[in-house]
Amino acid sequence: MSCVMVLLLNMLIEALVIFALAASLTAGPVASLGQGLGHRSLIANSVTGELSADDPARNGKDYWERLVGTPSRLARLVKKEGILPASKYSMETFDLLPFQEWLREYSLLPNTSHFSYASIPPPPLSFVCGVWINPTYKFIFIRNRKTASSTFITAVKRFMLDNGMCNITRDGVASNNCIMRLEPGEVRRAGGDLNKMWKDYLVITSTRNPFARAASGYQFTYDKWNRHDSVACKQPSFRQFCKDPFIMGKISNLFNCVEGQRDGVGPRHEGHWNFDFCHVEPAAPCMVDDAGKLVVDFVIRYERLEEDMQAALELINVHRPVGTPPLTIPQSIKWRNKGTTAKNYDINSTDAAAFVYAHRYRSCGAPCVEGLADFFARDLKLFGWDRPGPAPPVSTPSSSSSL
């Protein structure tokens, strides 16, 4: 057999292997390739309707567990059709004024008894999208808050550190070259083509059921306040939060519920007045361009964290530069930044944690479901969740102060 024939045969085998791997990455309930933003799979996985193989109700879960535990339909390999505008993630040029004006115009109202997010324009971003880049493996990661994004970042960083591929300092200064924030201005000043980078690099993100993410954000933001002894800084009820998730930011800023720096929050990023806003705001604006087109190639679901993270690494390895070792998840990596509720219940996986907040909604009932469905309307549409059907009556009456 000639050398040319051997070369052609090897190329054919490699192509078949890549094709098979790509096919495996789309296994399960995913958005069909080529359909773009807004496409919904034919698999129903809402709180009402026909049950899909991925629906928690197949495992005997009730309305409230399905409400918080149903994963996104937009999952794994999807079709990237746009580029995230630099204005959404540049620390140098991000404009806070649109959100501040929206907050003053629509959210700081004297009569809030009939306030509803369904009746006002959606809020602009309160802070930059968390866009990170790994030049070694040629991928971009959009860090949607409260979606276990730290677990993925840490896995990549730990593998590279263990193999001497990057370095990082303990105090978090800019010498970290494992995976870092993508700053458009720095790319342009270095002569890089930002649009080409977004087109050529794999763009990965993570997502989480919005009702679970909201409950997690409710507790997380309050835990970061360091003036819990103040009457003014008492945690609002969960029902109050569901009616207006931005209440956490309003209270913390109005009554100065954070003195100095928040524990575990860097001085530059997300450490100031908008911390309590950006950790509960919808994720959709960081997932699409100005025309509403999807800007990612792969979506990791919080509820399927281990399997989706492994599939993401396999996709990265398919596209990795020649001579770069394949990424693997170090054995030492576990679920990062576990929330207070998960710690209290001694939960050690995101599969189990997906349902941990059901009790909050079971106690609060329809007002909490309807309020958050309005607030997260863009997320429900983008990720393929149907708006929940009518909530059943709460099982036991509770005082409003406990909700």
Would you compute the distance between atom OG of Ser237 and atom OH of Tyr218 and round it to the nearest 0.5 angstrom? 6.0 Å

Please report whether the ring centroid of [Y] lies less than 6.0 Å from that of [X].
X      : Y      : answer
Phe376 : Phe211 : no
Phe375 : Phe246 : yes
Tyr89  : Trp198 : yes

Can you tell me how the ring of Phe383 sits relative to the ring of Trp385, calling it parallel under 30°, perpendicular over 60° and tilted otherwise? tilted

Among Thr205, Val299, Ile300, which residue satisfies the side-chain contact (heavy atoms from CB on, under 4.5 Å) criterion with Asn144? Thr205

In a check of side-chain contact (heavy atoms from CB on, under 4.5 Å) between Arg213 and each of Val280, Val68, Asp379, which one passes? Asp379

Does any N or O in the side chain of [X] come within less than 3.5 Å of the main-chain N or O of [Y], such that one atom is a donor and the other an acceptor?
X      : Y      : answer
Asp289 : Ala291 : yes
Lys146 : Ala212 : no
His279 : Ser216 : no
Glu101 : Pro98  : no

Is the NZ or CZ atom of Lys61 both under 6.0 Å from the centre of the six-membered ring of Phe355 and within 45° of that ring's axis? yes

Carboxylate-amine/guanidinium proximity below 4.0 Å for Arg387 and Asp374: yes

Is the closest basic N to carboxylate O distance between Asp200 and Lys196 below 4.0 Å? yes

Report yes or no: is the SG-SG distance between Cys368 and Cys242 under 2.5 Å? no

The single option from Phe127, Trp102, Phe99 that satisfies ring pair (Phe, Tyr, Trp, His ring centres under 6.0 Å) with Phe277 is Phe99

Heavy atoms only: give me the nearest [X]-[Y] pair and the separation to one decimal.
X      : Y      : result
Leu96  : Phe94  : CD2-CE2, 3.4 Å
Val258 : Asn226 : CA-OD1, 3.3 Å
Pro285 : Leu84  : O-CD1, 4.0 Å

Using a distance-only test with no angle check, is there a side-chain donor-acceptor pair under 3.5 angstrom linking [X] and [Y]?
X      : Y      : result
Lys138 : Thr324 : no
Asp276 : Tyr222 : no
Arg143 : Ser150 : yes
Ser87  : Asp95  : no

